[in-house]
There are 2 protein chains.
Amino acid sequence: MNNNAANWAVNKLSTDGPTPALPVHELVYRQLRAHILFGELAPGQPVTIQGLTEMMGAGMTPVREAIRRLVAEGALEASGNRRVGVPMLSPGNVDELIHARQAIETELALRAATRATPENIAGLAAIDARLDAAITSGNVRAYLEENYLFHASLYAIADAPILSAIADGLWLRFGPSLRMVCGRIGTQNLPDQHKEAIEAMRAGDAEAAASAMRDDVIQGMEQVRQALSESIV
Amino acid sequence: MNNNAANWAVNKLSTDGPTPALPVHELVYRQLRAHILFGELAPGQPVTIQGLTEMMGAGMTPVREAIRRLVAEGALEASGNRRVGVPMLSPGNVDELIHARQAIETELALRAATRATPENIAGLAAIDARLDAAITSGNVRAYLEENYLFHASLYAIADAPILSAIADGLWLRFGPSLRMVCGRIGTQNLPDQHKEAIEAMRAGDAEAAASAMRDDVIQGMEQVRQALSESIV
DNA sequence: CACCCCATAATTTGATCATATTCTGATCGT
DNA sequence: ACGATCAGAATATGATCAAATTATGGGGTG
């Protein structure tokens, strides 16, 4: 049983299953995390402790811990004067994210492709099929979830906990902005090089799989950059 | 005034200066962070809340927040059964760290080199001089601090908050092991390509500076890998 | 006379602590 | 060797205190 960060991320998108008395701060963390990743929270929006306590029905301490954790991961931003909110991406931040994602995700894809079993690949293909359905039906939330799930599954296959943790942190940073992109341009024109990656993995060509994922990352981040620059105008 | 993550890291190695009523959880976080970075805490060592409360003279809530934050950054590890401790690096982890540091720090060095002012370079040279003194005198703690300070200063110059945050997180992960390396091989044989980097920055050759820092990273991490593999035997 | 600015009060929000409760690990007895 | 009991440690709550933002009102100005 491999308890690495990426597996964890994949498992905890669904709340079902035999949850063996999960701590409250963990539940708060996961709910808030999902809100950030899938765009329930817009960039710039403030996040208050007391608001969370009554929204989640929890005490202050667990809420506080969840917030600190997400601040440490870059998903939330401490404004200096004790306030916490969803960060807004500057164009420079997008540049950094492009570089980082390219470096980290390409390496993860390379490792995943060299280690993937046929079952792994089938699982990825299933996710990608659901992703296609979400795109054609225009279901933004489902698109965001399945898209993230595809990448997170790839991380889990790569079996590289540190790189996976970094990649997950990056997702949290651009998640809110990605939602904005979808609201702006719809789901039709969003990138999806996943089929190329899956085919390359089936063929055992790790380099090609990594290259496909690199293209996917670049295209996605370019969409974000473009939407963001238009939004400023 | 640029309030990015790297500047923050540089500023908060020293505890002096006019601290405007810093929150307790922040102080606990910084002290614990320094303990981890500079090897007061060995890999595998447990970290308890109650132990910290009396060591730092603080309540449970701030201690708890500091621990969660460091767990989120990868500096500490939650063992599943409510226990928290300093993680032990596996050989695979070291591989990941080498890849990640190479990618991130090279990019940071590139950016820093293109932006550095003469004052910036002089500051780096001053740090490196103190580093040399620490090496010749065999002062391990000073070596660790100045070495980190050199890199952190470079991040601050690069003005890339997200990449800097990632790089800082990586330091926290191999910090305890780096201390072990020093205890094993002394300070004499430790890598220091800093002079090459400084010279390249003076000459305005950003590529050369980045290359020098890449060599520095690789040499340092190879030392860690080697010491770790010997330690297992 | 209406509008803006600044000082001050009120309220909201965050920070910390002390305490009760639950869970884990280990010891001791059978 | 197995299972109940016990100490210790973590989780979670609510109360209390401090800080910051927002609201308010008086005085001055166009």
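Numbered from 1 within each chain, the chains take letters A, B, ... in sequence-line order. Values below: every heavy atom of this structure, side chains too, minus hydrogens, waters and symmetry copies.
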Query - For A/Ala142, side chain to side chain contact (heavy atoms under 4.5 Å, CB included) partners two or more places apart - result: A/Ala134, A/Asn139
Query raised in the report: Relative to the 5' end of DNA chain D, which residue comes earlier, A/Val24 or A/Arg83, by the nucleotide with the nearest heavy atom?
Result: A/Val24
Requested in this report: Could you tell me which residues satisfy side-chain hydrogen bond (donor to acceptor under 3.5 Å, both in side chains) with B/Glu222, sequence neighbours excluded, listed by chain and number?
Outcome: B/Arg225
Requested in this report: For A/His25 and D/dT13, give me the distance from atom NE2 to atom P, rounded to whole Å.
Outcome: 11 Å
Query raised in the report: Rounding to a whole Å, what distance do you find between B/Ile49:CD1 and C/dC17:P?
Result: 14 Å
List, one per line, each side-chain donor-acceptor pair under 3.5 Å for residues 98-106 of chain A, sequence neighbours excluded.
unit_1   : atom_1 : unit_2   : atom_2 : d
A/Arg101 : NE     : A/Glu105 : OE2    : 2.7
A/Arg101 : NH2    : A/Glu105 : OE2    : 2.7
A/Glu105 : OE1    : A/His151 : ND1    : 3.1
A/Glu105 : OE1    : A/Tyr155 : OH     : 3.0
A/Glu105 : OE2    : A/Tyr155 : OH     : 3.0
A/Thr106 : OG1    : A/Gln102 : O      : 2.4

**Report entry** C/dA15 phosphate, OP1 or OP2, under 4.0 Å from A/Arg68 side-chain N/O
**Finding:** yes
Query raised in the report: According to a strict under-4.0 Å criterion, is B/Asn81 in side-chain N/O contact with OP1 or OP2 of C/dG25?
Result: yes
Query raised in the report: With a 4.0 Å cut-off on heavy atoms, is B/Arg64 in touch with a base, just the backbone sugar-phosphate, or nothing at all?
Result: base
Query raised in the report: So which nucleotide from C/dT22, D/dA12, D/dA20 ends up closest to the side chain of B/Arg82?
Result: C/dT22
Query - Contact list for residues 43-62 of chain A, test side chain to side chain donor-acceptor pair (under 3.5 Å), sequence neighbours left out - result: none
Report task. For B/Glu26 and C/dT16, give me the distance from atom CD to atom C1', rounded to whole Å. Result -> 15 Å
**Report entry** Whole-Å distance separating the CG atom of A/Leu22 from the P atom of C/dT22
**Finding:** 18 Å
Query raised in the report: Got a sec? Which of residues 50-63 of chain B come in under 4.0 Å of DNA chain C, heavy atoms?
Result: B/Ala58, B/Gly59, B/Met60, B/Thr61, B/Pro62
Query raised in the report: In terms of the angle between their ring planes, are B/Phe38 and B/Tyr148 parallel, tilted or perpendicular, with boundaries placed at 30° and 60°?
Result: perpendicular
Requested in this report: Enumerate the residue pairs fulfilling salt bridge (Lys or Arg N to Asp or Glu O under 4.0 Å) with a member in residues 58-67 of chain B, sequence neighbours excluded, ordered by first and then second residue.
Outcome: A/Arg64-B/Glu65, A/Glu65-B/Arg64, A/Arg68-B/Glu65
